Amino acid sequence: MADELTGLVLVTDFDGTLYRGDAPLQQYAWRAAQALPAPARRELLDGLERYLDEGAPAVPEAVDGWEAVAVLARRQGVDEAALAAAFTGTRAYMAGPGCELEVPTAYAELLAELRARGVRVVLATNSPAHGLDPLLERLEVLPLVDEVVSGTGKPAGLERLLRRELGLPPDAATVPAADGARLLVVGDHWTNDIAPGMGIGAVGAYIDRFGRADGPAHITAPLVEGVLDTVRNWAQARSLAERN
């Protein structure tokens, strides 16, 4: 078929990209704060709300909401073991119906459309495999992707994954421009999600909700809906290139 898009690969991030919602961040902060005295607990929870309202200026060290919780918790003396337990508990909470999450409809529809036309869609997340499947099933995102890669180890792990998708050895010195252009990366963490792709010539679609402007991309928008035209144009351009 003339509109088949075989050979193209779209790699999407998970948290803050394929789904969105602040309930998990609020739950993570609540769990992390449980062992703290009341004033410190309130400071942590209020700090997260300021971050969600104001973005980067409220917690400049944090690249996303998950990191904001961790930074705020460490300021109050929460240790790494308690943070890890809070994260694990939050992931379990997210798999249940009480946690409000949204899979952006327009993004889900576009992924389904592209897959039907031959684009390979890979979900790559740094989250560990444990507890991830129930969440993916609850959000009904498994039909939208060809593969789920958990524990990716971004950013270096994402670059290895992208090279694998191109059939290149991990230590290949260069990536031919035509090969890199077959890839598109979508995510809300520039260093982890976008930079590895841009470095090998992929198209980068950066969701910068908190206004960090951490680096260049082919398209930057605060919501995933703002990058979808670029995704469509990439697929269309590659389709035309293959025909010519």
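Source: prediction; values computed, not measured. All values below were derived from every heavy atom in this structure, side-chain atoms included, with hydrogens, water molecules and symmetry-related copies excluded.
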Looking at E43 and R75, is any side-chain nitrogen of the basic one under 4.0 Å from a carboxylate oxygen of the acidic one?
no
Just by modelled atom types, is the L10 backbone N or O under 3.5 Å from a matching donor or acceptor in the W234 side chain?
no
I219 and V203: same hydrophobic cluster, using ILVMFWY side-chain contacts below 4.5 Å?
yes
R20 vs E225, test: salt bridge (charged side-chain N to carboxylate O under 4.0 Å, His left out). Steps then yes/no.
CA-CA 12 Å; R20 62 191 173 204; E225 287 86 350; 2.7 Å; yes
Does the pair E109/R115 count as a salt bridge with the N-to-O cut at 4.0 Å?
no
Could you tell me whether the side chain of V231 reaches within less than 4.5 Å of the side chain of Y107, counting heavy atoms only?
no
Are any side-chain N or O atoms of T152 and backbone N or O atoms of V149, one a donor and one an acceptor, separated by less than 3.5 Å?
yes
Output side-chain donor-acceptor pairs under 3.5 Å for residues 21-38, partner residues at least two apart or in another chain, one line each.
{"residue": "D22", "atom": "OD1", "partner": "R209", "partner atom": "NH1", "Å": "2.9"}
{"residue": "D22", "atom": "OD1", "partner": "R209", "partner atom": "NH2", "Å": "3.2"}
{"residue": "D22", "atom": "OD2", "partner": "R209", "partner atom": "NH2", "Å": "3.1"}
{"residue": "Q26", "atom": "NE2", "partner": "E49", "partner atom": "OE2", "Å": "3.2"}
{"residue": "Q27", "atom": "OE1", "partner": "R31", "partner atom": "NE", "Å": "2.8"}
{"residue": "Q27", "atom": "OE1", "partner": "R31", "partner atom": "NH2", "Å": "3.3"}
{"residue": "Q34", "atom": "NE2", "partner": "W30", "partner atom": "O", "Å": "2.7"}

Once side-chain contact (heavy atoms from CB on, under 4.5 Å) is applied, do any residues pair with L142, and if so which ones, sequence neighbours excluded?
L136, E137, V148
So V122 and T12, do their side chains get closer than 4.5 Å, heavy atoms only?
no
In chain order, what residues pass the side-chain contact (heavy atoms from CB on, under 4.5 Å) check against N233, with sequence neighbours excluded?
none
Say whether Y93 and V141 are linked into one hydrophobic cluster, either directly or through other cluster members, by side-chain heavy-atom distances under 4.5 angstrom.
no
State whether the side chain of D208 and the backbone N or O of A213 hold a donor-acceptor pair below 3.5 Å, judged by distance alone.
yes
Using a 3.5 Å distance criterion without hydrogens, assess whether the side chain of R50 forms a donor-acceptor pair with backbone atoms of V59.
no
Less than 4.5 Å apart, side chain to side chain, heavy atoms only: is that true for P216 and W190?
yes
Among T191, T125, D13, N192, whose side chain to side chain donor-acceptor pair (under 3.5 Å) with K154 holds?
D13
Test salt bridge (charged side-chain N to carboxylate O under 4.0 Å, His left out) on R120 and E147 and set out the steps.
CA-CA 9 Å; R120 175 171 162 78; E147 183 181 2; 2.4 Å; yes
Show your working on side chain to side chain contact (heavy atoms under 4.5 Å, CB included) between D79 and R74 and close with a plain yes or no.
CA-CA 7 Å; D79 63 27; R74 290 182 185 116; over 6 Å; no
Under 3.5 Å, is there a donor-acceptor pair between the side chain of D193 and the main chain of D188?
yes
Is I207 linked to L223 within one hydrophobic cluster, defined over Ile, Leu, Val, Met, Phe, Trp and Tyr using a side-chain heavy-atom separation of less than 4.5 Å?
no
Any side-chain heavy-atom pair from L135 and R91 closer than 4.5 angstrom?
yes
Taking atom CD as the centre, does E140 end up with more than 12 heavy-atom neighbours from other residues, nucleotides or ligands that are less than 6.0 angstrom away?
no
So do the side chains of F14 and L139 get within less than 4.5 Å of each other, counting heavy atoms only?
yes
